[in-house]
Engineer: 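Before we start, here is the structure in question, set down as C-alpha cells.
Atom set for the values below is all heavy atoms of this structure, side chains included, hydrogens, waters and symmetry mates excluded.
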Amino acid sequence: KEILLAQPQFAPGERAVVRVEHPRDVLVLVLHAGGALVVAIASIAASDWDALAGGKPLVRHAFLVALHETGCAAPASGWVPCYLTAWRADALVGAMPLYAKAHSYGEYVFDWAWADAYQRHGLPYYPKLLGAAPFTPVPGSRLLAVDDAARDVLLQAVLAFARQQGLSSAHLLFLSAADRAACARA
C-alpha cells in the first residue's frame, strides 16, 4: 500500500527546517523525508547519529541504513522513513528513527483492534507514525538526545507532524525511562 503524505512533499534528500523556541535555547528541527530510492538517514553523519545512540546497536546508523538498503524497512515494504533531527547551531543534539507506516507488521505491538475500530467507523488508521527500532521489541531510547530539552522538542515535532499530516496516531514503542518521562511532560 502506497503512503502519500500531505504537504510539504519532499524530493529525495530535501529537508524541512523548523525553528523551535525552547525555554532554555533555540533548537532547529529538521525532518529528513526519504524517497523511494534515497534513504534520508544517509544524509546524516553516522558519527553524529551514533554519538546520540549511546552504543545501542538497534538504533545505530549502520543498522538503520542496512534495513533501508535491503528493503526490510523501506517505502516498498510499508515503512516510509521520516527521520527527525534537532540541532543547536551546527551540532546534532537530537535524532529519531521515525516512520510513516501502511500496516502494523514488524512492530511487536498488536494494534489490529484499533485498525479494525477505525475501519468500522469509516476512518483511516493507516498511515500512522511509528517511532521505533524496526522489527524488535527491545526497549531503549527512540528520542535520541543529548538532554531533556532536545528530547522534548523531538516529541513536540512528532506530534505536530502527525497533526499536520492528518495521521491517525503517533506510536513510540519500547521506550527508555527518559523517553517515557518526556511523554509524561508533553
Side-chain angles (χ1 to χ4, degrees), residues 1-6 8-16 29-86 92 94-116 118-119 124-145 151 154-155 157-158 161-162 165 167-176 179:
K1 180 177 177 184
E2 185 177 2
I3 295 177
L4 299 175
L5 297 177
Q9 292 291 324
F10 299 93
E14 286 186 324
R15 302 189 266 180
L29 196 69
V30 179
L31 174 69
H32 302 261
L37 299 176
V38 177
V39 177
I41 193 171
S43 68
I44 304 165
S47 59
D48 292 343
W49 181 281
D50 289 346
L52 296 173
K56 305 294 185 206
L58 300 174
V59 290
R60 289 184 59 82
H61 192 277
F63 179 74
L64 296 170
V65 168
L67 287 175
H68 302 313
E69 288 179 352
T70 60
C72 292
S77 62
W79 295 72
V80 176
C82 300
Y83 287 97
L84 288 174
T85 56
L92 180 66
M96 182 178 188
L98 183 67
Y99 301 88
K101 291 284 305 293
H103 53 69
S104 296
Y105 297 110
E107 299 174 21
Y108 291 90
V109 171
F110 304 103
D111 60 352
W112 302 109
W114 283 104
D116 184 56
Y118 269 72
Q119 183 179 22
Y125 186 66
Y126 303 106
K128 65 180 183 177
L129 275 183
L130 178 71
F135 306 106
T136 179
V138 175
S141 185
R142 306 303 179 242
L143 300 166
L144 310 175
R151 191 172 286 108
L154 286 170
L155 183 58
V158 168
F161 183 62
Q165 294 291 321
L167 303 177
S168 69
S169 52
H171 305 247
L172 306 179
L173 303 184
F174 307 108
L175 300 177
S176 67
D179 290 353

Engineer: What is the distance from atom CE of M96 to atom OH of Y83, rounded to the nearest 0.5 Å?
Structural biologist: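 Here the rounded value is 11.0 Å.
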Engineer: I'd like to check the side chain to side chain donor-acceptor pair (under 3.5 Å) partners of S141; sequence neighbours left out, ordered by chain and number.
Structural biologist: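 For S141, the residues satisfying side chain to side chain donor-acceptor pair (under 3.5 Å) (neighbours in sequence not counted) are D179.
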Engineer: Enter the distance from H68:NE2 to F63:CZ here, rounded to the nearest 0.5 Å.
Structural biologist: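 So the gap between those two atoms works out to 9.5 Å.
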Engineer: Run through L98, L52, L84, L154 and flag the one making a side-chain contact (heavy atoms from CB on, under 4.5 Å) with L143.
Structural biologist: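 Of all the options given, the one that passes is L154.
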Engineer: Which atoms form the tightest heavy-atom contact between W79 and F135, and what is the distance?
Structural biologist: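 That would be NE1-CZ, 3.7 Å.
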Engineer: Only counting residues at least two apart or in another chain, list the ones meeting side chain to side chain donor-acceptor pair (under 3.5 Å) with H171.
Structural biologist: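 Side chain to side chain donor-acceptor pair (under 3.5 Å) list for H171, sorted by chain: Y125, S169.
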Engineer: Sorted by first residue and then second, give each side-chain hydrogen bond (donor to acceptor under 3.5 Å, both in side chains) pair with at least one member in residues 44-54; sequence neighbours left out.
Structural biologist: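 The answer is D50-R60.
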Engineer: Can you name the nearest heavy-atom pair linking P81 to Y99, along with the distance?
Structural biologist: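 For P81 versus Y99, the nearest heavy atoms are CA-CD2, 3.8 Å.
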Engineer: Identify the two heavy atoms, one from P124 and one from Y118, that lie closest to each other, and give their separation to 0.1 Å.
Structural biologist: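 Result for this residue pair: O-CD2, 3.5 Å.
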Engineer: Which value, rounded to the nearest 0.5 Å, describes the distance between L167 atom CG and L130 atom CG?
Structural biologist: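 Interatomic distance, L167 CG to L130 CG, rounded to 0.5 Å: 12.0 Å.
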Engineer: Of all the heavy-atom pairs spanning S77 and C72, show the shortest one and how long it is.
Structural biologist: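 Smallest heavy-atom distance, with atoms named: OG-O, 3.0 Å.
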Engineer: What distance do R151 atom CZ and S176 atom OG have between them, rounded to the nearest 0.5 Å?
Structural biologist: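 Between R151 CZ and S176 OG, I get 6.0 Å after rounding to 0.5 Å.
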Engineer: Identify the two heavy atoms, one from P97 and one from V59, that lie closest to each other, and give their separation to 0.1 Å.
Structural biologist: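 That would be CG-CG1, 4.4 Å.
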Engineer: Which atom pair, heavy atoms only, marks the closest approach of D111 to K128?
Structural biologist: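 Looking at all heavy atoms of both residues, the shortest contact is OD2-NZ, 2.5 Å.
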